Each structure stands twice: as C-alpha cells, then as structure tokens.
S.K.: 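Just passing along the structure, written as structure tokens.
Computed from a prediction, not measured in an experiment: that's the story for all the values here.
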Amino acid sequence: MEDYSSKQSVENLDNPPNSRLFLVTSRSVSDDVIREKFSVFGEVQGVWVVKDKQTKESKGISYVKFAKSSEACTAMEDMHGKCLLDGTKPIKVFIAQSRSSGRHRDVEDEELTRIFIKIPKTFTEEDLKDTFKEYGDIEYCVIIKNKTTGESKGLGYVRYHKPSQAAIAIENCDRAYRAVLAEPRSKNSSADNDYHSSGRAEHMSSDLGMNPYSFGVSDPGSYAVTDYRSSDLITRCLMVSSRASVTQEQIYGLFDLIPGMDYCEMQRDHCGLNKGHAVIRYNNLGSALYAKEKLNGFEYPPGNRLIVAHIEDGEDRTSPVGKMAMQLVAAQMMSMVWNGPTTSQQLMKMSTGYRTASPMPRVQTDVSLPSLKNLAPPDSRVKERLFVVFSPAPLPMDVLEDVFCRFGSLVEVHLVPGRNVGYMKYAEKESAGDAMAALHGKMVNGVRMKVMLADPPREPREESHKRPRTY
DNA sequence: CGACGGGACGC
DNA sequence: CGACGGGACGC
C-alpha cells in the first residue's frame, strides 16, 4: 500500500494545493535524513533532493511532498530554521510554488493564512469567529457587505495567525463553506458591480414579498387563520417557513411536541446553508393537521411568525376523507396529549431547552441503500451527471450527498436555486448509472425523485471542441 | 413535466 | 542566498 520511493507523478505534486515543501539545506543533507525528520508531521509521499546531473552531488535544494497541506504547513512552521545534522546550517522551509506557476518567489505566510468562505447571510462577524476559532487563533474576521445597505453578501474572510491553522480550517470545516485560501488582496482590482447585485436583490424581494426590512410587521392575521377553503390539501407533510433564521433543533423541538413526528429537516439553499424552511412529516394525518393548526402563525422566536402549510407527500390518496373526519382525529389528539388549551407561551417554554436524546435518522426511505462511500476528490473529472427532479421540494444538500454518494465516485451535488431540480456529478459512469437505477421514482424523506441522465451543459460560445468540458 | 453553482475585500 | 528528476504506462 505504501510506496516508499521518492518518486512523485507530476499530476500529484500540487494536489492538494500547498502540500509540497521547498527546502534549502546544507549539501550534505540526504533524502533519508529529510524523510526521517519530516515524516513526524504527516504522510510524506515523496522526498526529492535536487542533484547536479554530472557530479550527482546535492545542490542543497529539496522537495518534500505531504498528503495534506496542513501537514506541510505544520512541518514548515516547526522545521524552518532548524539544523538537520550537527554542524550544518539551519534549513529554510517554504511551501513550494506550484509546478505550473513559472515564478520562483517564496510563498509568503500572507498568502497562506487567510481563507475565503461562503456563509449564511445572517452570520455576523462574531458568528464567523465562533465557528472558525476551533481550527486556530484568528487574527480577524471580515464579512463582505454591500457598502450602501450594509447587507451581508454571504461571503467572508478569516485570517489566522499560522498557515497550518488556515489549512486545517480548509480541510476540516463543513463543505458548505466552500473554504479556499483567499487570493491576496493586492492583485485583485476589478471593480465589482454593486449596481446589478443590489438591483437584483430588490427585484426578488418585491416579487416574493420577502423584503427583509418589512420583517415582523406583516399582517398578523394573515398566517394565523386556517383557511380550509383555499387549501384542500391535507397531508402528513408540512412545510415550515420562517423569515428569521431558526435552527434544525429549534424546529425539531417545536414540532416534536406533537406526537408522531417522524421526520424534520431544514431545507438548505444551494450553498448548503440554512434558509429558514423546513419539511416536517408526521406518521399520521391528525398530528400533521394539528401541528398546522397550532403552529401556523405561531411566533417563534417572538415577533417571527412561522408559516406552516401542508405539502404533497407523494402518498396515494383516494378521495378525501373530509375535513370533519380530519378535525375529529385532531380533536382526539388534542384531548389525549394536550390536556387543555395551549398558549404560545407554554409552547415556547416547552420547546426551549428541549434536547433530543436520540437523533433522528437523517434519511428515511424505502429504498435499500448501499453503505456510505467517500466522495471523489473535488477536482475529479466528471464523467456523468444525473438530472434530478424533486417533488414537492428539493431535499437538503446533506441528505442528497448522503444518498447519492452510496453508489461511489460522487463528486458534487448541485441544486439549482429556486427550482425543484438538481445535478449529481459522478467521476464514474457506472456509479451514476447505479444511482439512477436505484433511486429513480423513489421517495426519500417524503420527497419523490426523478433521476435521469443530464443533458450536456450548454457550451459557452468560445471554442467548444478541443478538450472535453470540465463541467 | 423539470435544466445548469462558482465566490472577492473602501490600503 | 535557493526552484523542479527518474529507463515510462500495460491490457
């Protein structure tokens, strides 16, 4: 399994980025010594001492390839300035320039300590700090905001004190943050276009009635009433919408007060971040109906009215049993489990501090799924894409990753914002085919999926036929 | 029917 | 100051 040779194939030298060290040593230092001293920092995949072609003598230059950037960075921080042999000069250690970049300038800490991430728009700089401090000492956090409105653009920077800390953050933080090293500020000078982005945001706000500044002052009666005339749909599935950000635990705690909940999942947007929508499913119609009656329009947190509505659950439903029967079931529920009238305050009290002892399984489906598999590396060549249609609403990214990775070689899940569709990218056609065969027409967490081969993506109008698209 | 993420900072 | 190799696939 382990290859102890010093050879490295060219395509692995910069993979992952910043995982190779450039050493300046005494000419007397051998690759054996280097390997011995550096392997304590991680998995050394190769050591190469540059030698003179004729004399075979070391030129005092070496490269050390690690499996991970964090290992290389830690080794650099620890070994820079140390002596490898008695009586030899202290060594210099840098992250090696990527092989493809022609320049020979040292890679400086400035370029290795700041990460660039996607974050929920609701994140404050304090939230950012709290989230990313677990990977190392933070020098500062910045959220990119619209300069005129102060509104977060959902992007941020975190500067660490040491390269190893930034590398650990990139390697270990949730994939949804899409963490990468930030490009140094100096070279970037293109004026970004705030005119378009703010204009588009306003447009969407007015379209959807979602203006964030009218938050909490909407007509109090509009959500509180149960209107059976306009909504005949009665299902075991509910969609919960909240304008304020709420956590999965909060929603779970609230709706689990009503017995029979068998599924609760926050929806996420295409960044995989929390959006204030959740899908709830109960194991019986009465509980769902009762939950909607009690919690639609409920203020949680105070000032934020939840919107609760039935959504299609894909069940075969013969002619409606009738509202009277439903309400009868609900009434029975009420008398059995609720012990009298319940106020919002009581609900609040019961839900706060609620902790689930046994976490609910994230994925519920009749499909017999293979075991979890690792994802393919993010830079894998995508050989097949699946086009997936969800009904009634997209599943969260993490659920999709969980389900679709089980056939192997899943590279990425891509949900199309604002639509009930998404793409699953695979590095192997066979994996995609297996996933399609197993999952097409199937139900996961109350969501029906159509799973098909995706049409090729639309080509940009540039030269289209030299090298296959990298998707 | 149902279709394409992806980013950037007032020095 | 101190920057990029090795007998090279293999059904």
S.K.: What does Asp455(A) touch in the nucleic acid at a heavy-atom separation under 4.0 angstrom: a base, only the sugar-phosphate, or nothing?
M.R.: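 Base contact.
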S.K.: Report yes if a side-chain nitrogen or oxygen of Arg419(A) is closer than 4.0 Å to either non-bridging phosphate oxygen (OP1 or OP2) of dA3(B); otherwise report no.
M.R.: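 Yes, such a contact exists.
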S.K.: At 4.0 Å (heavy atoms only), tell me whether Lys450(A) reaches a base, stays on the sugar-phosphate, or touches nothing.
M.R.: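 Base contact.
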S.K.: As a test of reading the structure: which of dG10(B), dA3(B), dA8(B) is closest to the side chain of Phe387(A), going by heavy atoms?
M.R.: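 Looking only at side-chain atoms, Phe387(A) lies closest to dA3(B).
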S.K.: Which part of the nucleic acid does Arg114(A) contact within heavy-atom distance under 4.0 Å: base, sugar-phosphate only, or nothing?
M.R.: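 The residue Arg114(A) makes base contact.
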S.K.: So that I can tick it off, tell me whether Glu139(A) and Lys129(A) are bridged by a salt bridge, with the cut-off set at under 4.0 angstrom between side-chain N and carboxylate O.
M.R.: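 No, this pair does not count.
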S.K.: Provide, to the nearest angstrom, the distance between the NZ atom belonging to Lys59(A) and the P atom belonging to dA3(C).
M.R.: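 Distance, rounded to whole Å: 7 Å.
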S.K.: In whole angstrom, give the distance that lies between atom CG of Asp52(A) and atom P of dG5(C).
M.R.: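 To the nearest whole Å, that distance equals 12 Å.
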S.K.: On the side chain of Glu412(A), is there an atom forming a donor-acceptor pair with the base of dG6(B) - under 3.5 Å, no angle test?
M.R.: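 Per atom types, the contact qualifies.
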S.K.: His80(A): what forms a ring pair (Phe, Tyr, Trp, His ring centres under 6.0 Å) with it, not counting sequence neighbours?
M.R.: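 Counting only residues at least two positions away or on another chain, His80(A) forms a ring pair (Phe, Tyr, Trp, His ring centres under 6.0 Å) with Phe94(A).
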S.K.: Figure out the CD/P separation between Gln97(A) and dA3(C), and round it to whole Å.
M.R.: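 Distance check: Gln97(A) CD to dA3(C) P gives 14 Å.
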S.K.: Taking atom types as modelled, is there a side-chain donor on Ser58(A) or Arg27(A) under 3.5 Å from an acceptor on the other?
M.R.: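 No, no side-chain donor-acceptor pair sits under 3.5 Å.
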S.K.: NA contact type, Ile144(A), heavy-atom cut-off 4.0 Å: base, sugar-phosphate, or nothing?
M.R.: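 Contact class for Ile144(A): sugar-phosphate only.
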S.K.: Quick check for you: among dG2(C), dC9(B), dG5(C), whose closest atom lies nearest to any side-chain atom of Lys89(A)?
M.R.: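 Minimum distance to the Lys89(A) side chain belongs to dG2(C).
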S.K.: Distance check needed: dC1(C) P versus Ile61(A) CD1, whole Å only.
M.R.: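 Interatomic distance, CD1 of Ile61(A) to P of dC1(C): 11 Å.
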S.K.: How many Å lie between CZ on Phe390(A) and C1' on dA3(B), as a whole number?
M.R.: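 Rounding to the nearest Å, CZ of Phe390(A) and C1' of dA3(B) are 12 Å apart.
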S.K.: For dC9(C), measure the glycosidic angle (O4'-C1'-N9-C4 for a purine, O4'-C1'-N1-C2 for a pyrimidine) and name it syn if it falls within 90° of 0, otherwise anti.
M.R.: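 That one's syn.
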S.K.: Touch check for Leu23(A), heavy atoms < 4.0 angstrom, all strands: base, sugar-phosphate only, or nothing?
M.R.: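 Since no nucleic acid heavy atom lies under 4.0 Å of Leu23(A), the category is nothing.
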S.K.: Assess whether one donor atom and one acceptor atom, taken from the side chain of Lys147(A) and the base of dG10(B), lie less than 3.5 Å apart.
M.R.: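 Flag unset: no donor-acceptor pair detected.
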S.K.: May I ask you to say what Val388(A) touches in the nucleic acid, namely base, sugar-phosphate or nothing, with a heavy-atom cut-off under 4.0 Å?
M.R.: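 Nothing, no nucleic acid heavy atom in range.
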S.K.: Between the side chains of Arg385(A) and Glu412(A), is the shortest nitrogen-to-carboxylate-oxygen separation below 4.0 Å, so that they form an ion pair?
M.R.: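 Answer for the salt bridge query: no.
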S.K.: Round to a whole Å and report the spacing from CZ of Phe22(A) to C1' of dC4(C).
M.R.: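 Atom-to-atom, Phe22(A) to dC4(C), this comes out as 9 Å.
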S.K.: If I take atom CZ in residue Arg178(A) and atom C1' in nucleotide dG7(B), what distance separates them, rounded to the nearest angstrom?
M.R.: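 Taking atom C1' of dG7(B) as the reference, CZ of Arg178(A) is at 11 Å.
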S.K.: Got a salt bridge between Lys82(A) and Asp78(A), using NZ or NE/NH1/NH2 to carboxylate O under 4.0 Å?
M.R.: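 Yes, charged N to carboxylate O under 4.0 Å.
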S.K.: With centres under 5.5 Å and planes under 30°, do Tyr63(A) and dC4(C) count as stacked?
M.R.: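 Tyr63(A) ring centre within cut-off of dC4(C) base, planes near parallel; stacks.
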S.K.: Just how far, in rounded Å, is P of dG2(C) from CD of Glu57(A)?
M.R.: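 In whole Å, dG2(C) P and Glu57(A) CD are 12 Å from each other.
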S.K.: Under 4.0 Å between a side-chain N/O of Arg99(A) and OP1 or OP2 of dG5(C), yes or no?
M.R.: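 Affirmative; the distance criterion is met.
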S.K.: Which residue, Val49(A) or Val24(A), contacts DNA chain C at a nucleotide closer to its 5' end, judged by nearest heavy atom?
M.R.: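 Comparing both residues, the 5'-ward one is Val24(A).
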S.K.: Using the closest heavy atom to pick a nucleotide of DNA chain B for each, name whichever of Phe116(A) or Tyr140(A) lands nearer the 5' end.
M.R.: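 Nearer the 5' end of the strand: Phe116(A).
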S.K.: Which listed nucleotide (dC4(B), dG5(C), dC9(B)) is nearest to the side chain of Trp48(A)?
M.R.: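 Minimum distance to the Trp48(A) side chain belongs to dG5(C).
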S.K.: Please name all residues satisfying ring pair (Phe, Tyr, Trp, His ring centres under 6.0 Å) with Phe22(A), sequence neighbours left out, ordered by chain then number.
M.R.: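 Result, ring pair (Phe, Tyr, Trp, His ring centres under 6.0 Å) vs Phe22(A): Tyr63(A).
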S.K.: Please work out which of the three classes, parallel, tilted or perpendicular, describes the rings of Phe387(A) and Tyr423(A), given edges at 30° and 60°.
M.R.: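 Ring orientation, 0 to 90° scale: tilted.
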S.K.: Between dA3(C), dC4(B), dA3(B), spot the one nearest the side chain of Val421(A), thanks.
M.R.: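 For Val421(A), the side-chain atoms sit closest to dA3(B).
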S.K.: Which is true for Phe94(A) with a 4.0 Å heavy-atom rule: it touches a base, it touches only sugar-phosphate, or it touches nothing?
M.R.: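 Result for Phe94(A) = base.
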S.K.: Is the base of dG6(B) syn or anti, where syn means the angle lies within 90° of 0?
M.R.: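 dG6(B): syn glycosidic orientation.
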S.K.: Name the nucleic acid region contacted by Val142(A), choosing base, sugar-phosphate or nothing; use a 4.0 angstrom heavy-atom cut-off, strictly under.
M.R.: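 Touches nothing.
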